[in-house]
Each structure stands twice: as structure tokens, then as C-alpha cells.
Amino acid sequence: MDCIFCKIAAGEIPSERVFEDELTLAFRDIQPQAPSHVLVIPKTHLASLDGLEDPGLAGALLTAAARVARDEGLDGGWRLIANTGSDGGQEVDHLHLHVLGGRPLGRMLSS
Ligand code: 5GP
Ligand code: ZN
């Protein structure tokens, strides 16, 4: 399958890995939007959050994101983003969670 994140998971495309376990891989975004910008992906292909049905995998992804945030030292806070589908602004069709932090991120939703 011609999927860039599958190739990163397979080690066919280089990436700066910061964490991995049996189900997940975390690596630095190539175009960081914050001092810390890490992508957390499932090692097996899943197009987006839309197709996520496995609570075990969901937990593994969230746990990996929290672990990455701690390891990055994001004590002041951080943000998790999962762009999903075209309206959601998703550009790479392999489920990924963005972990962003290291600067004030502002408010995304007005109240
Ligand atoms: P999306 O817009 O799909 O939520 O985010 C895709 C993210 O993947 C973008 O932030 C983009 O910079 C990142 N990205 C795209 N190609 C590569 C790559 O080859 N390596 C890494 N490390 N990040 C990538
Ligand atoms: Zn993939």
C-alpha cells in the first residue's frame, strides 16, 4: 500500500522516533507547528479515527500520546489533535494524533 506513515512504521522512510510499543509509534512531525510536535500512529494501517473500533488500540494511542507529552516535558500543558477526513483537514490518510506543546497554543474553540 502506498501509505507514507506505513512506510515510516516499516522503517522504509526515516523519521525521528520518540516512542514505540507493540501497537503504536510516535515520531516528530516534519513541519513542526510548535516546539514539540509529535505524531502518534497505529503501526497497522487505519485510514482515520472514523474507522477506529478497537478500544484497546484507542487506549494504546491515547496512552502513548500522554507518555510522549510527559517525555517531552510539556508541564505547562499540551494539545491533542486528530484531523479526520477532508472537512477535518486530514492530509495523510493513516490515523495520527498530533501532540503539540512547548508554547501557549491559544484557544481553538470560542465559548
Ligand atoms: P494532517 O494534516 O493529515 O492531520 O497531518 C499530517 C502531518 O504529517 C502534517 O503535520 C505533516 O507535516 C506530517 N507529515 C507529512 N509527511 C511527513 C513525513 O514524511 N514525515 C513526518 N515526520 N511527518 C510528515
Ligand atoms: Zn498506512
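One is the number of the first residue; the rest follow in order along the sequence. In each ligand, atom 1 is the first atom listed, and ligand 1 is the first ligand listed. Note that the coordinates shown come from a computational prediction; the quantities given were computed from them, not determined experimentally.
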Short side-chain to backbone donor-acceptor contact, [X] and [Y], under 3.5 Å:
X   : Y   : answer
R28 : S36 : no
T63 : L61 : no
T24 : E20 : no
E91 : G89 : no
Q90 : G85 : yes

Can you tell me which residue and heavy atom of the protein come closest to [atom], and the distance to 0.1 Å?
atom                    : result
atom 19 (O) of ligand 1 : I4 CD1, 3.5 Å
atom 23 (N) of ligand 1 : I30 N, 3.3 Å
atom 22 (N) of ligand 1 : R28 O, 2.9 Å
atom 3 (O) of ligand 1  : E91 N, 2.6 Å
atom 2 (O) of ligand 1  : G89 O, 3.3 Å
atom 10 (O) of ligand 1 : D29 OD2, 2.5 Å
atom 15 (C) of ligand 1 : V92 CG2, 4.1 Å
atom 8 (O) of ligand 1  : F5 CZ, 3.5 Å

Against heavy atoms of [X], which atoms of ligand 1 measure under 4.0 Å?
X   : value
F27 : 21 (C), 22 (N)
N83 : 1 (P), 2 (O), 4 (O)
Q31 : 12 (O)

Metal-centred angle, ND1 of H45 through the Zn ion (ligand 2) to SG of C6, rounded to 10 degrees: 110°

Angular separation of C3 SG and H94 ND1 about the Zn ion (ligand 2), given to 10°: 110°

Chi angles and distances behind the salt bridge (Lys or Arg N to Asp or Glu O under 4.0 Å) call for D21, K43: CA-CA 9 Å; D21 61 16; K43 285 184 170 175; 5.8 Å; no

H94/H96 aromatic ring centres below 6.0 Å: no

Ligand 1 versus H96: contacting region, heavy-atom distance under 4.0 Å: side chain

H98, portion touching ligand 1 at heavy-atom distance under 4.0 Å: side chain

Cluster check [X], [Y]: I/L/V/M/F/W/Y, side chain < 4.5 angstrom:
X   : Y    : value
V92 : L95  : no
I81 : W78  : no
V40 : L105 : no
F19 : I41  : no

Shortest non-hydrogen contact from P35 toward G102: CG-O, 3.4 Å

Any nitrogen or oxygen of [X], main chain or side chain, under 3.5 Å from a nitrogen or oxygen of ligand 1?
X   : answer
S15 : no
Q90 : no
I13 : no

Whether I8 lies under 4.0 Å from ligand 1, heavy atom: yes

